[in-house]
Amino acid sequence: MEFPQSCDTFVVLPPFTQHGVIFGKNSDRPQGEIQEVVYFPAAESSEPTTKCTYIEVDSVSKTKAVILSKPNWMWGAEMGANECGVVIGNEAIWTNDNEGDSDPKVKRLLGMDLVRLGLERSSTANEALEIVTALLEKHGQGGPCSKTDEGFSYHNSYLIADNSCAWVLETCGKHWAAEQITCGFRNISNLLTITTKIDRKSNGLESYAKSKGLWDGKEEFNFSLVFSGEKKPGDARYDAGRNLLQEYSASNKFRETDMFKVLRNKESGICRGCDEAFPTAGSQVSILSSTIPNVHWFTATPDPSRSVFKPFIFTKNAVISKHTICPDKENSHTLYTLYKKAEYKGVGNLLHEMESNCVKELNDVITHVGEDLSEFDELFKDCVETEVKFYR
């Protein structure tokens, strides 16, 4: 299997935004893989372990409510959000350290498992970083990342955010470095991007790199230079993504619709069509605010330039549509099936008009809503089912 040609995650923070922090991610996956959007309410458990995709980890007594966009065959998720306003997205990366504890072919925790574990167990971005890195150091990462290709494996990087800050977390085996972002914008792609600004790191990182002959101990420690492999499949898109963020945030009024545009940009390769080897299988945009309810927009269908973003808000009795949930690991969900059958000509403009109206109506309502959010219980469900009726 060839290296993925895309997968990009973005965050824009004040002073460039209208409301709080805006997060966005395109999840690009192997051709034919189905991505579902699922919701799990907060739960209590007395079970001693949690079964992830390949291995079990110690359970926690309580988990947060989460909404996830995930490949239907695995336990973990490419991206998602929790009830506390934490969001996480991950990227595939390839490094020059791939033996022993760093061998990505060995079945351990998938990077996607760590996304879900971080969301289920954290209340803030800082806490999510601590949870993900502790689990990484204890269990390591690795295993096939495709249902159809046993050899498709990699290390991971992450963008973790809440309404106050964001963290870029980049890893190599059980080792890692993290950079905190408190203003401006940041993006990640399929390559290491942390250089000498390292705000947190695994214990013994430098000595480990030196012992492996990756760093001479004389030059300033540069995480990307030390651990990057020869192949860097994301560097052009990384630059293009940064340029798009700079362009759209220049007015200091960056909105969710601007993030939609970034994720729909095909010229850069950030948005990939259904016929690509690694199409954009699903997309997420989240608005994280301390003054209005957080809103999380998901497509649940491939190629965001053809898809419509649908909003979800965490409420006490939130529900989502059965039409974005796969019945099993072998079959697609209803929305995906109808989307693939739909004749695109003439449909996209109508769907995007529906999306624009939804954005406007929701923004008008949400700025005046009180503590009772029950009117949003079925927001995502209603939007999905409107789209289903449209296709039918």
I need the [X] [atom1] to [Y] [atom2] distance, nearest 0.5 Å.
| X | Y | atom1 | atom2 | value |
| --- | --- | --- | --- | --- |
| Thr63 | Leu117 | OG1 | CG | 10.5 Å |
| Ser102 | Lys212 | OG | NZ | 6.5 Å |
| Thr95 | His155 | OG1 | NE2 | 4.5 Å |
| Glu247 | Phe254 | CD | CZ | 10.5 Å |
| Ser283 | Met259 | OG | CE | 11.5 Å |
| Thr50 | Trp75 | OG1 | CH2 | 6.0 Å |

Look at the rings of [X] and [Y] and say which category their plane angle falls in: under 30° parallel, 30 to 60° tilted, over 60° perpendicular.
| X | Y | value |
| --- | --- | --- |
| Phe298 | Phe380 | perpendicular |
| Trp297 | Phe260 | perpendicular |
| Phe221 | Trp215 | perpendicular |
| Phe152 | Tyr154 | perpendicular |

In this structure, would Leu68 and Val115 fall into the same cluster of hydrophobic residues linked by side-chain contacts under 4.5 Å?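 Yes, Leu68 and Val115 fall within the same hydrophobic cluster.
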Joint cluster assignment, Val308 & Phe390, ILVMFWY side-chain distance < 4.5 Å: yes
Any side-chain donor near an acceptor of the partner, Ser305 and Asp303, under 3.5 Å: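 Asp303 and Ser305 do have a side-chain donor-acceptor pair below 3.5 Å.
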Side-chain donor-acceptor contact under 3.5 Å, Thr196 with Asn222: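 The answer is no; no qualifying pair exists.
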Apart from Tyr336 itself, residues in the same hydrophobic cluster as defined by side-chain heavy atoms under 4.5 Å: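 Tyr336 clusters with Ile34.
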Can you list, pair by pair, the side-chain donor-acceptor contacts under 3.5 Å of residues 168-178, counting residues two or more places apart and other chains?
residue : atom : partner : partner atom : Å
Glu170  : OE1  : Thr193  : N            : 2.8
Glu170  : OE1  : Ile194  : N            : 2.9
Glu170  : OE2  : Thr193  : N            : 2.9
Glu170  : OE2  : Thr193  : OG1          : 2.5
Thr171  : OG1  : Gln141  : NE2          : 2.9
Thr171  : OG1  : Asn156  : N            : 3.4
Thr171  : OG1  : Asn156  : O            : 2.5
Trp176  : NE1  : Glu137  : OE2          : 2.7

Does Arg306 make a cation-pi contact with Tyr339, if we ask for NZ or CZ under 6.0 Å from the ring centre and within 45° of the axis?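 Cation-pi check for Arg306 and Tyr339: passes.
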Name the one of Ser146, Cys145, Pro71 that satisfies side chain to side chain contact (heavy atoms under 4.5 Å, CB included) with Pro30?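 Of the listed residues Ser146, Cys145, Pro71, the side chain to side chain contact (heavy atoms under 4.5 Å, CB included) partner of Pro30 is Ser146.
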salt_bridge(Lys218, Asp216) N-O dist < 4.0 Å: no
Do the side chains of [Y] and [X] get nearer than 4.5 Å, heavy atoms only?
| X | Y | answer |
| --- | --- | --- |
| Arg29 | Cys7 | no |
| Gln284 | Glu78 | no |
| Lys64 | Glu120 | no |
| Trp167 | Asp199 | yes |

Stepwise salt bridge (charged side-chain N to carboxylate O under 4.0 Å, His left out) test for Asp258 and Arg255: CA-CA 5 Å; Asp258 293 309; Arg255 301 179 54 207; 6.0 Å; no
Pair Glu91, Lys25 - check salt bridge (charged side-chain N to carboxylate O under 4.0 Å, His left out), show working. CA-CA 10 Å; Glu91 303 286 330; Lys25 173 173 163 64; 3.7 Å; yes
Walk me through it: do Phe312 and Tyr39 pass the test ring pair (Phe, Tyr, Trp, His ring centres under 6.0 Å)? CA-CA 10 Å; Phe312 173 87; Tyr39 171 75; 5.6 Å; yes
